[in-house]
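What follows is one structure encoded as structure tokens, with my remarks underneath.
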Amino acid sequence: MGNAYPASSNRKQYSSSSSVREGAAWDQERDTERAALIEENARLRGLVVQLSNLVLRNVVDQYNTTPTLPLRRSLPD
């Protein structure tokens with residue numbers, strides 16, 4: 001059975017300057033996307049805080065305005 005991995009002398013060298021430039025452009029694009037995601041995450045966190053405050057405010061208002069004893073309704077005949 002042969003070796004599954006080629007010997008190091010058979011490997012191709014990928015050190016051309018064009019691949020280095022492509023890698024740098026890819027890194028820059030990735031950094032830009034990461035920054036956009038971080039900004040979007042911060043915006044969404046702010047919206048979650050606003051929504052949470054609205055929900056809590058409405059729940060507190062609901063409990064403050066409803067009577068503490070439940071109303072008894074008469075059954076239909």
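With hydrogens and angles ignored, the 3.5 Å screen pairs a side-chain donor or acceptor of Asn58 with a backbone N or O of Leu54.
Atom CG in Leu51 sits 11.5 Å away from atom CG in Leu44 (nearest 0.5 Å). In this structure, Arg45 CZ and Leu47 CG are separated by 12.5 Å, a value rounded to the nearest 0.5 Å.
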| task | Go through Gln28 and Asp31 one step at a time and tell me if the side chain to side chain contact (heavy atoms under 4.5 Å, CB included) criterion holds. | result | CA-CA 5 Å; Gln28 184 179 8; Asp31 289 343; 5.6 Å; no
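In this view, Arg30 satisfies the salt bridge (Lys or Arg N to Asp or Glu O under 4.0 Å) rule with no residue, not counting sequence neighbours.
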